[in-house]
Amino acid sequence: MMMQPSLPGQDMTLPVVVRSMTLLARDTLAVEFTPQDGVTLPPFDAGAHVDLLLPNGIRRSYSLCNAPGDTGRYVVGVKKADPSRGASSYIHDTLRVGQAMKISAPKNNFPLDESAAKSVLIAGGIGITPMMSMIDRMEATGADWTLYYSCRTRADAAFLDRLDLLDKARCVNLNFDGEPGGAMLNLAEIIGAEQGDGVHFYACGPAPMLDAFEAATAGLPEGHAHLERFGGEPLPVSDDALETFEVECMQSGLNLTITPETTILDALLDNGIDIPFSCMDGVCGSCRVGVVEGTPDHRDMVLSDGELAENKVMMVCCSGSRSPKLVLDI
Ligand code: FES
């Protein structure tokens, strides 16, 4: 396998070419990447994502939506955000077939538990993308699954052609809450009806849907509810968050001043501290760092309520500080 060097703290990056771009639904594109000459794309598991290192300098994570085992290409689904923070608008308006660029190797924060007696997939909007690779995998292994897929309207729903090929009556439930007579999915009702021994639930979609999913699955056995958040919404900054503060790196002895112009992560990378990162949005959990002293201003969507209260870890890509100094275990 030939691959190119990576950014600090990252997995190796892969040189690829945009092979095709296909309209999947309103404002939603499938982008297919194939390797540049001499490169082999690593295999991936259902639920995996890759980071696109876009030519405009922005790095964003997107779930793979082609089948695991579909070697030689990666396909992601990209919904044009409104407003876009620069990634989806670039992909829709500027990126074109034939563009050479780099992507990360696949990573998986949303793996399928193949020991499940049944898997219930709940997708909202573009949250369908990781579910498609899961469905392909479960169709290949003969696993039992059901999909609940909700969009505003049919015109917003991607992959209907692929889902049409499946036995809809058995396993595909479509919901269009913005159409006449439509309503939001009732997740408590779905989970109540589907739950049983060995049933696992998966959800990916907008934050309100995932909040409802977390509430509805709170009573399930540990490890039976899985969710993946995608970023895009600005996270609230606390009233007492400081614009400028100090960061002391306990292991290296480095002291940094964080100003409104930079994030803690950027300052660490600029000063040679090798730290993993991916989404830069507070959703993937890659940049988790231990907090030895001080009070972070958490702005991520990864930490549990307990972790937020303890202040022992933080996501340095997006979070700030409520105390003049943070001492970090790096
Ligand atoms: S890089 Fe993803 S949470 Fe920080």
Side-chain angles (χ1 to χ4, degrees), residues 6-13 44 47-54 56-64 76 78 81 84-88 102-111 126-127 129-130 203-207 210-211 214 226-238 241 245 247 249 256 258 260-291 294-322 326 328-330:
S6 64
L7 294 174
Q10 294 296 286
D11 297 335
M12 299 291 276
T13 56
F44 65 95
H49 68 270
V50 293
D51 296 346
L52 308 190
L53 282 65
L54 294 168
N56 66 351
I58 293 177
R59 182 181 188 120
R60 280 288 185 280
S61 302
Y62 290 96
S63 296
L64 293 169
V76 299
V78 181
S84 167
R85 288 180 300 158
S88 66
K102 290 181 181 176
I103 63 176
S104 74
K107 288 169 261 184
N108 200 345
N109 298 328
F110 194 44
I126 196 62
T129 50
C204 184
L210 298 185
D211 293 344
E214 283 187 308
H226 316 259
L227 66 80
E228 182 158 77
R229 293 187 183 271
F230 46 78
E233 297 173 24
L235 301 170
V237 176
S238 301
F245 56 93
V247 165
C249 303
L256 303 169
I258 310 300
E261 285 73 44
T262 189
T263 63
I264 300 175
L265 175 63
D266 286 339
L268 293 171
L269 294 172
D270 287 348
N271 285 277
I273 304 280
D274 197 13
I275 182 165
F277 67 92
S278 177
C279 70
M280 313 285 277
D281 269 339
V283 294
C284 74
S286 301
C287 67
R288 177 188 295 248
V289 165
V291 178
T295 309
D297 182 39
H298 298 288
R299 299 165 197 167
D300 64 87
M301 292 183 281
V302 176
L303 297 178
S304 66
D305 289 347
E307 289 172 315
L308 293 173
E310 283 180 358
N311 287 325
K312 298 288 190 216
V313 292
M314 70 182 295
M315 301 299 153
V316 292
C317 68
C318 60
S319 298
S321 182
R322 297 163 62 194
L326 292 173
L328 303 180
D329 188 14
I330 45 178

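Bear in mind the structure is a predicted one, so any value in this text is a computation, not a measurement. Just follow the structure's listing: the first ligand is 1, and inside any ligand the first atom is 1.
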I126 backbone acceptor or donor facing T129 side chain under 3.5 Å: yes

Residue of the set V289, I275, L328, L256 for which side chain to side chain contact (heavy atoms under 4.5 Å, CB included) holds with I264: L328

Pairing of R288 and D329 as salt bridge, 4.0 angstrom limit: no

Ligand 1 atoms in contact with G282 (distance to a heavy atom under 4.0 Å): 3 (S)

Nearest-neighbour protein heavy atom for atom 3 (S) of ligand 1, which is reported as residue plus atom name and distance: G285 N, 3.3 Å

Qualifying residue, where the test is side-chain hydrogen bond (donor to acceptor under 3.5 Å, both in side chains) with R229 and the options are D211, D300, N109: D211

Angular separation of SG (C317) and SG (C287) seen from atom 4 (Fe) of ligand 1, to 10°: 100°

